[in-house]
Number of protein chains: 2
Amino acid sequence: MSAPQGKDAATVAGAWDRLSLNTATTKRWSLADAIQGAARAGIPAVGVWRDRVAEAGVATAASMINDAGLRVSSLCRGGFLTAADKGSISAAVHDNCAAIEEAAALGTRNLIMVVGGLPDGERNLGDVRARVSDRLGELVPVAVEHGIRLVLEALHPMYCADRAVLSTLAQALDVASPFPAHAVGVVIDTFHQWWDPALEQQIRRAANEDRIAAYQIADWLVPMAHDPLLSRTIMGDGVVDFACITRWMTEAGYQGDIEVEIFNADVWATDCNLILEKIKRRYAQLICPALA
Amino acid sequence: MSAPQGKDAATVAGAWDRLSLNTATTKRWSLADAIQGAARAGIPAVGVWRDRVAEAGVATAASMINDAGLRVSSLCRGGFLTAADKGSISAAVHDNCAAIEEAAALGTRNLIMVVGGLPDGERNLGDVRARVSDRLGELVPVAVEHGIRLVLEALHPMYCADRAVLSTLAQALDVASPFPAHAVGVVIDTFHQWWDPALEQQIRRAANEDRIAAYQIADWLVPMAHDPLLSRTIMGDGVVDFACITRWMTEAGYQGDIEVEIFNADVWATDCNLILEKIKRRYAQLICPALA
């Protein structure tokens, strides 16, 4: 492990105020379970998925989170903006407007955006990427009106065909650049971006451009899971250098939430309380020392 | 399909002189089978793997290829340069020197380099990437002495952990930059690089820096194969825009070989002669029009 081990995580001021549990990590838990579990574990924030929020209802979800003394680090997710036909475009805009309203109701500024892959039969990446920018242009005024920031997520290039034609942090910043920084930000996600030779430089750029809205962490499993969507694992169980990337984030001045978002069949098969304990140990060991 | 369909491939001068069969595509064939198969199909060149060459012996392999009237577009592959310990470093350098000699004996200038992934237990990508540059520095004089070009292959980022810490064309060009262009080049590979938002710009840069040594083609399968190594498929069976990328290559002035390299269980289970016929049809349809 290249992570520094010498410092006492407890001594890094504010480190434990920044940990957030993304509800995808505890897939077997309902939203209520996840809120209670996070509160019991002393985790002060949750990143929530729209389907979990919908199960409870937005107003109820917001009350439950507030009553438990937690806050919402982000809402996952808007996006899927790559369609070419009028009906699908209109449906996508409508759905993203609803997501913006939900984010506002939940009290988070951050709506994570997974922009979508190549529509069936399309191969011209340039055209598809241009449509993402067009749709963002339509959504930005709505986001601004609600005080929400659209947070562009560059997904790992292996998802370019079927999930997100936004593939690098540099590209996300280029796409964000025509819009105000308070309206369009970016998320740094270790699983998606750890391999990028330009990552350090682009984190600095993102900070200079005031675009860093979120930091999501998960490790890269080796060998990969057969389902590439389930290859995210708990920090320390893969090959990502969390000390290094977290240090870049700290040096860039990021002081926001650090959201643990895992998709992994083995993690999902394990008792969620045990998972939270493991996450806290690894956070203390691998992340906290780099926050000083 | 965004590929132009209107032109007659047969009218693009020289197009059929540039097609090359990589022997990985016809995995069930011995080197002798692949040479005879390519010659029968009117494919003028082969890209050969070292294990197939070793089965025949280098001198015999060179004679067989020459006697069939074919030439060698590239030797696959050198590399795996990321080890940290003295013994492994020495073994890697020794093995790459042998590969350089084999390439020279086979009459190709191009030794494709897959640089290697993270050694077990290592997480510091910067350190590992620096070692690749160090090893290249040791191999360049040997390559120059034998008239061989070390051809850096940026592999898809999903292989960064276990196969190649070289992940983008821009990075490959940065790594190549301290060395003469006749000694260190790059390969553009559609499967590995199609997603890259900087691809067009970096192909232009590679041409300006005189680094383009090879063009390998394979399509990106959707959904991905369970084994990510076997997700390369025949042009037209995936989502890659071959017309677009090949046009960028043509506009950059590339006039070299176009090597078809497929790793795919279904392709390997099919009669190799049928595969060659399909490759020729797809080459005529998707590649040739963009060579004009």
Side-chain angles (χ1 to χ4, degrees), chain A residues 1-3 117-129 154-175 192-200 219-229 231 236 238-245 248 286, chain B residues 1-3 117-129 154-175 192-200 219-229 231 236 238-245 248 286:
Chain A
M1 306 271 280
S2 57
L118 290 171
D120 256 11
E122 276 204 75
R123 286 178 171 78
N124 190 320
L125 260 179
D127 284 356
V128 176
R129 286 168 167 164
L155 259 59
H156 194 283
M158 72 180 167
Y159 304 124
C160 184
D162 55 5
R163 201 151 292 263
V165 294
L166 209 55
S167 305
T168 63
L169 183 54
Q171 184 194 3
L173 289 167
D174 289 345
V175 170
H192 291 305
Q193 299 161 9
W194 72 278
W195 58 271
D196 186 350
L199 186 57
E200 180 181 12
D219 212 334
W220 178 272
L221 201 57
V222 178
M224 287 169 58
H226 277 186
D227 179 347
L229 283 178
S231 215
V239 299
V240 168
D241 190 342
F242 287 96
C244 174
I245 298 176
W248 291 339
L286 299 172
Chain B
M1 307 270 280
S2 56
L118 290 172
D120 256 10
E122 277 203 75
R123 285 177 171 78
N124 190 319
L125 261 178
D127 283 357
V128 175
R129 285 168 167 163
L155 260 60
H156 194 284
M158 71 180 167
Y159 304 124
C160 184
D162 54 4
R163 200 152 294 262
V165 293
L166 209 54
S167 305
T168 63
L169 184 53
Q171 184 195 3
L173 289 167
D174 289 345
V175 170
H192 292 305
Q193 297 160 12
W194 72 279
W195 59 271
D196 186 351
L199 187 58
E200 179 180 13
D219 212 335
W220 178 272
L221 201 59
V222 178
M224 288 169 58
H226 277 186
D227 180 346
L229 283 177
S231 213
V239 298
V240 169
D241 190 341
F242 287 97
C244 174
I245 298 176
W248 291 340
L286 299 173

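We name chains A, B, ... by the order of the sequence lines, and we start the count at 1 in each one. Please read all numbers here as calculations on a predicted model, not as lab measurements.
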Turns out that what part of V239(A) lies under 4.5 Å from chain B's heavy atoms comes down to both

Note: P228(B) and M224(A) closest approach over all heavy atoms is CG-SD, 4.0 Å

So what's closer than 4.5 Å to chain A heavy atoms on D196(B): side chain, backbone, both or neither? backbone

Please name the pair of heavy atoms, one in V222(B) and one in D162(A), separated by the smallest distance, quoted to 0.1 Å. CG1-CB, 4.5 Å

Could you grab the distance from atom CG of D219(B) to atom CZ of R123(A), nearest 0.5 Å is fine? 6.5 Å

Value rounded to 0.5 Å, distance of CE in M158(B) from CH2 in W195(A): 12.5 Å

Atom of R129(A), atom of P197(B) and distance for their closest heavy-atom approach: NH1-CA, 3.6 Å

Heavy-atom pairs under 4.5 Å with chain B: which of P157(A), C160(A), G117(A) has the most? P157(A)

For W194(A) against L118(B), the heavy-atom pair lying closest together: CZ3-CD1, 4.1 Å

Measure distances from V240(A) to the heavy atoms of chain B and classify the residue's part below 4.5 Å as side chain, backbone, both or neither. backbone

